[in-house]
J.: 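This structure is in structure tokens; I'll ask about it shortly.
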Amino acid sequence: MLDFSRRGGPTVLRILLGSQLRKLREARGISTEEAGYEIRGSHSKISRMELGRVGFKERDLSVLLTLYGVDDPAERASLLELAREANTPGWWHRYGDILPSWFEVYLALEEAASLIRTYEVQFVPGLLQTEDYARAVVRLGFPEASDDEVQRRVRVRMTRQERFTSPDAPPLWAVIDEAVLHRPLGGGNVMRAQIEHLISMAELPNVTLQVVPFGAGGHAAASGTFTVLRFAEPGLSDVVYLEQLTTALYLDKPADVCSYMEAMNTVCVSASRPDKTVGLLRELLDSDSFHQETPHADAS
């Protein structure tokens, strides 16, 4: 944990540090009540710290490390430095006026994930969208937004994508319903460019793209879109992300994660093989579907 690459910003760092503190406390047989008393707090404060839901005051952390028997100067210094970094905002902090706090948590987790698997039934996944397509999606979701706000929201999406085209890009495995490809958001020209972009992304070594055809019928993930985030760090469990209209759910209990992973695997079996995806997308481009320009989705 001390060699963690520091990706993911303050949220992930707090979770990692909290997990380490919990292990240290439990190894010494100290209750949350006893630990809370030492820092003039409650057992619930210790629980929030261990879950990474609050920041760490250096004084509190120093007291807890002493209580837990962490005497090695190098180890103490490393943990204290990690706490300081956990109070440093991520790149998305400058968009805090347009991003809800529940989505900032997702951005931190996405930034730290070593594998992302996502299933989408309505839109092309955000990490695979072109700028024009993303703009149409944002306009659809925020019809009253100013041009400046729309552009800033699109910029967040484009910035997120940069990690997945870098030399050390993590694996991204996306499965989309075929209906997504026939829904020309932004118009025919925008959708053609989007499909061409999907072809380019599908040819990257770290990207796997599958399409669930209309003929697949019902399947285990019929309840809707979800994303599974996996982390290389042992202090972080897999997380299932379920976005709703005004909030999101983060599931990390093993039983919940297992259920969604089973659903994801079932969807992948129902979908076309990954090596057939590019051919399927090229066939769609060669069809008449997007030869004629269609009205923009954000037209008023």
Side-chain angles (χ1 to χ4, degrees), residues 1-28 30 32 35-36 38-41 44-116 127 155-164 166-170 229-239 241 248 250 252:
M1 192 277 291
L2 300 180
D3 293 329
F4 179 55
S5 66
R6 268 60 172 175
R7 293 198 71 98
T11 301
V12 172
L13 295 179
R14 286 198 301 266
I15 293 173
L16 285 167
L17 182 54
S19 175
Q20 182 73 358
L21 288 176
R22 187 192 73 249
K23 293 175 182 177
L24 291 170
R25 178 181 59 79
E26 291 177 345
R28 301 283 289 193
I30 298 172
T32 55
E38 292 294 326
I39 61 171
R40 303 173 187 173
S44 61
K45 180 178 180 178
I46 295 296
S47 295
R48 291 194 300 272
M49 291 173 66
E50 292 180 354
L51 291 171
R53 294 178 180 172
V54 295
F56 298 88
K57 294 181 179 179
E58 187 167 332
R59 176 195 170 279
D60 289 345
L61 181 56
S62 181
V63 170
L64 290 176
L65 293 179
T66 299
L67 179 64
Y68 300 159
V70 180
D71 300 321
D72 180 71
E75 185 176 1
R76 289 178 67 95
S78 180
L79 290 167
L80 288 168
E81 175 60 25
L82 190 59
R84 283 189 286 272
E85 292 184 32
N87 292 326
T88 302
W91 62 262
W92 50 87
H93 178 73
R94 61 181 179 272
Y95 299 98
D97 58 321
I98 60 172
L99 296 178
S101 58
W102 52 264
F103 189 63
E104 290 190 49
V105 173
Y106 174 78
L107 292 178
L109 295 174
E110 181 182 85
E111 184 82 0
S114 60
L115 168 65
I116 295 179
L127 293 174
R155 179 45 45 197
V156 170
R157 201 158 298 187
M158 297 300 103
T159 302
R160 289 167 55 199
Q161 294 179 8
E162 293 174 1
R163 183 182 176 215
F164 296 88
S166 64
D168 60 343
L229 302 151
R230 174 157 292 177
F231 307 92
E233 293 71 35
L236 293 176
S237 62
D238 292 354
V239 174
Y241 173 72
Y250 295 87
D252 62 356

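What you are looking at is a predicted structure, and each value in this text was computed from that prediction instead of being measured.
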J.: For a 4.5 angstrom cut-off between non-hydrogen side-chain atoms, does Val54 reach Lys45?
T.: no

J.: Asp238 versus Leu229: any side-chain heavy-atom pair under 4.5 Å?
T.: no

J.: How many angstroms lie between CD1 in Ile98 and CH2 in Trp92, if you round to the nearest 0.5 Å?
T.: 14.5 Å

J.: For residues Pro170 and Phe164, report the shortest heavy-atom separation together with the two atoms involved.
T.: CG-CE2, 3.6 Å

J.: Between Tyr95 and Trp91, what is the ring plane arrangement, given parallel below 30°, perpendicular above 60°, and tilted in between?
T.: perpendicular

J.: Can you name the closest pair of heavy atoms from Leu61 and Ala83 and give their distance?
T.: CD2-CB, 3.5 Å

J.: I'd like to know if the side chain of Thr32 reaches the main chain of Ile46, judged simply by a donor and an acceptor atom lying under 3.5 Å from each other, with no hydrogens or angles considered.
T.: no

J.: Please list all pairs passing the salt bridge (charged side-chain N to carboxylate O under 4.0 Å, His left out) test where one or both residues lie in residues 86-97, with sequence neighbours left out.
T.: Asp97-Arg152

J.: According to side chain to side chain donor-acceptor pair (under 3.5 Å), who are the partners of Asp72, at least two apart in sequence or on a separate chain?
T.: none

J.: So which atom in Asp252 and which in Ser237 form the shortest heavy-atom distance, rounded to 0.1 Å?
T.: CB-OG, 3.6 Å

J.: Quick one: CG on Asp60 to CG on Leu65, what's the gap to the nearest 0.5 Å?
T.: 11.0 Å

J.: Heavy atoms only: give me the nearest Glu111-Arg163 pair and the separation to one decimal.
T.: O-NH1, 2.8 Å

J.: Mind checking whether Val70 and Leu64 have side chains closer than 4.5 Å, heavy atoms only?
T.: no

J.: Any carboxylate oxygen within less than 4.0 angstrom of a Lys/Arg side-chain nitrogen, looking at Glu58 and Arg84?
T.: yes

J.: Taking the side chain as every heavy atom from C-beta outward, state whether Leu21 and Phe56 have any atom pair closer than 4.5 Å.
T.: yes

J.: Which residues satisfy the side chain to side chain donor-acceptor pair (under 3.5 Å) test with Ser62, sequence neighbours excluded?
T.: Arg76

J.: Which pair of non-hydrogen atoms, one from Glu104 and one from Leu99, has the smallest distance, and what is that distance?
T.: OE2-O, 3.6 Å

J.: Which atoms form the tightest heavy-atom contact between Met49 and Ile39, and what is the distance?
T.: SD-CD1, 4.0 Å

J.: Could you check whether any side-chain heavy atom of Tyr241 comes within less than 4.5 Å of a side-chain heavy atom of Leu109, counting everything from C-beta outward?
T.: no

J.: Does any part of the side chain of Leu51, heavy atoms only, come nearer than 4.5 Å to the side chain of Ile15, both counted from C-beta?
T.: no

J.: List for me each residue that meets side chain to side chain donor-acceptor pair (under 3.5 Å) alongside Arg25, sequence neighbours excluded, and say none if there are none.
T.: Glu50

J.: Rounded to the nearest 0.5 Å, what separates atom CZ in Arg160 from atom CG in Leu127?
T.: 4.5 Å

J.: Going from OH on Tyr68 to CD on Glu26, what distance comes out if it is rounded to the nearest 0.5 angstrom?
T.: 9.5 Å

J.: Just wondering, do Arg59 and Arg40 contact through their side chains at under 4.5 Å, heavy atoms?
T.: yes

J.: Take atom CZ in Arg22; do more than 12 heavy atoms of anything else shown fall under 6.0 Å from it?
T.: yes

J.: Are side-chain heavy atoms of Tyr250 and Tyr106 found at a separation under 4.5 Å?
T.: yes

J.: Can you measure from CG (Leu24) to OG (Ser19) and round to the nearest 0.5 angstrom?
T.: 9.5 Å

J.: Could you give the distance from CZ (Arg157) to CZ (Arg155), rounded to the nearest 0.5 Å?
T.: 12.0 Å

J.: Name all residues meeting the side chain to side chain donor-acceptor pair (under 3.5 Å) criterion together with Arg28; count only those two or more places apart in sequence or in a different chain, and write none if there are none.
T.: none

J.: Can you name the side chain to side chain contact (heavy atoms under 4.5 Å, CB included) partners of Ser166, sequence neighbours left out?
T.: Asp168, Ala169

